[in-house]
Amino acid sequence: MQPLKVTFLGPAASFSHQAAVETFGASSELQPCVSFADAITAVQNQDADYAIVPFENSTNGSVVQTLDLLADRNGVYSDVKVCGEHYLTVHHCILARKGAILTSQRDYSSITKLYTHPQAWGQCEKFLGKHFKGVERQDVSSTSKAGETVLRTTSEINGAIASRFAGEHYGLDILEENIEDAANNTTRFLVLRNVKSEGTSRVSFESTKASVSQEPTRSVSATRTLISFMIRQDAVGTLADALLIFKEGGMNLTSINTRPSQIAPWKYVFLVESETMSGGQKEDTVPEIMDGLQKVTENCRHLGNWTNQLASR
């Protein structure tokens, strides 16, 4: 059997890479991509079996790049749906080039710049405000890229905010560990597949690591669903009408995100996540909800069902 091909936001040793390893195992063919769009495009084109992308962080909220791709305003990813999720406890470290700073002294005054992904700044504000006040901050495409940048910069001493996983990968000194504001800082990743791919139908995400099964695995925990839609702006109560469809279908709303539609100013795409406990949900619940939404929204799209990993633990 061919190994699964899985795309993630690279380069190697990013948190997305770590999530991919924990979800699919090191034996899978893991392919780093330079952007979330590239990772998902590979799945749409069936050049990869899965993509794993960060969806939200418990400290810093939603990842807007992922929301924009899921909103898919132009229908570019019409065959891509969510099929699983993975929770990764995120511990940030301060990394520096090997031997550049005496780790025993914890004197960071020689560090002139800090590099990391934009999401990480908001997760570490207390530590940064205490030890790196006034130090220049540089955004990069991933925390792993921050480590790579620090490794290759020899003209000055810089620091990176990234994981121990990244520090060990690049051979960097770990100056501080667990600098995040919240000890339970966690990122939820979504696993995406192409619904037209026959190979991915054999994979189950009932546990935190994907497993190949011969028969579909019956869910024993809550099932989550993601649906997007747009509403009319020239009538009263159109959003309330749309949300009422979920209640009537027995689905509990767990989050609502919005992204600009890019069709008209102040017109939004709503991304609604909901869940229903297995055993209490009829098999035709989602089709019924979609049928109801089609009557009260301008357009709507079902973006996938998957097992709630928190309920399965």
Side-chain angles (χ1 to χ4, degrees), residues 5-24 26 28-43 48 50-70 85-97 111 113-125 127-128 132 135-153 158-181 185-192:
K5 295 182 180 180
V6 182
T7 58
F8 62 91
L9 179 64
S14 63
F15 283 111
S16 294
H17 185 190
Q18 185 176 346
V21 170
E22 291 183 6
T23 303
F24 294 92
S28 299
E29 186 178 325
L30 305 179
Q31 303 174 348
C33 295
V34 297
S35 69
F36 295 136
D38 285 349
I40 296 177
T41 297
V43 173
Y50 295 95
I52 185 165
V53 293
F55 183 64
E56 62 179 341
N57 177 266
S58 60
T59 302
N60 216 33
S62 300
V63 180
V64 294
Q65 298 98 321
T66 299
L67 291 178
D68 281 334
L69 292 168
L70 291 171
E85 67 180 7
H86 179 75
Y87 287 84
L88 178 70
T89 303
V90 175
H91 295 300
H92 290 296
C93 303
I94 294 291
L95 310 176
R97 205 170 62 251
I111 293 179
K113 293 179 185 177
L114 281 177
Y115 294 86
T116 197
H117 185 274
Q119 282 275 324
W121 301 122
Q123 298 171 21
C124 307
E125 282 295 354
F127 181 87
L128 296 178
F132 290 93
V135 175
E136 181 180 347
R137 300 181 180 186
Q138 290 284 329
D139 290 345
V140 288
S141 58
S142 71
T143 53
S144 178
K145 185 65 176 179
E148 182 183 32
T149 301
V150 167
L151 177 66
R152 294 181 177 180
T153 303
N158 294 325
I161 298 176
S163 66
R164 168 174 279 276
F165 187 68
E168 292 173 348
H169 178 81
Y170 291 113
L172 299 171
D173 278 339
I174 300 173
L175 306 182
E176 293 278 357
E177 291 193 76
N178 304 328
I179 67 168
E180 61 276 0
D181 294 344
N185 185 34
T186 303
T187 295
R188 178 161 67 116
F189 289 79
L190 296 182
V191 181
L192 309 173

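In this text the structure is predicted, and so the values were computed from the model without any measurement.
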Self-check item: Backbone of Thr59 reached by a side-chain donor or acceptor of Asn57 within 3.5 Å
Solution: yes
Exercise. May I have the step-by-step check of ring pair (Phe, Tyr, Trp, His ring centres under 6.0 Å) for Phe189 and Phe55, ending in yes or no?
Key: CA-CA 5 Å; Phe189 289 79; Phe55 183 64; over 10 Å; no
Self-check item: Check ion pair Glu125-Arg137 (N to O, under 4.0 angstrom)
Solution: yes
Nearest-0.5 Å distance, [atom1] of residue [X] to [atom2] of residue [Y]:
{"X": "Leu88", "Y": "Thr187", "atom1": "CG", "atom2": "OG1", "answer": "6.5 Å"}
{"X": "Thr89", "Y": "Glu180", "atom1": "OG1", "atom2": "CD", "answer": "9.5 Å"}
{"X": "Leu114", "Y": "Gln138", "atom1": "CG", "atom2": "CD", "answer": "10.0 Å"}
{"X": "Asp38", "Y": "Gln31", "atom1": "CG", "atom2": "CD", "answer": "11.5 Å"}
{"X": "Leu69", "Y": "Phe36", "atom1": "CG", "atom2": "CZ", "answer": "8.0 Å"}
{"X": "Ser144", "Y": "Phe165", "atom1": "OG", "atom2": "CZ", "answer": "8.5 Å"}

Quiz item: Is the Phe132 ring parallel, tilted or perpendicular to the Phe127 ring (thresholds 30°, 60°)?
Solution: tilted
Practice problem: Could you label the plane-to-plane angle of the Tyr50 and Phe24 rings as parallel, tilted or perpendicular, counting under 30° as parallel and over 60° as perpendicular? | Solution: tilted
Minimum heavy-atom separation for [X] and [Y], please, with both atom names.
{"X": "Ile161", "Y": "Cys124", "value": "CG2-SG, 4.3 Å"}
{"X": "Ala51", "Y": "Val43", "value": "N-CG2, 3.5 Å"}
{"X": "Leu175", "Y": "Ala96", "value": "CD1-CB, 3.7 Å"}
{"X": "Ala13", "Y": "Ala166", "value": "O-CB, 3.4 Å"}
{"X": "Gly159", "Y": "Ile111", "value": "N-CG2, 3.7 Å"}

Practice problem: Taking atom types as modelled, find out whether Gln123 and Asn60 have a side-chain donor-acceptor pair closer than 3.5 angstrom. | Solution: no
Quiz item: Just checking, is any N or O donor in the side chain of His91 or Glu177 under 3.5 Å from an acceptor N or O on the other one?
Solution: no
Quiz item: side-chain hydrogen bond (donor to acceptor under 3.5 Å, both in side chains) between His86 and Glu22: does it pass, once the steps are laid out?
Solution: CA-CA 8 Å; His86 179 75; Glu22 291 183 6; 2.9 Å; yes
Practice problem: Please report the C-alpha distance between Glu56 and Val63 in whole Å, then the side-chain angles of each, then the deciding distance to 0.1 Å, and finally whether the side-chain contact (heavy atoms from CB on, under 4.5 Å) criterion is met. | Solution: CA-CA 5 Å; Glu56 62 179 341; Val63 180; 5.6 Å; no
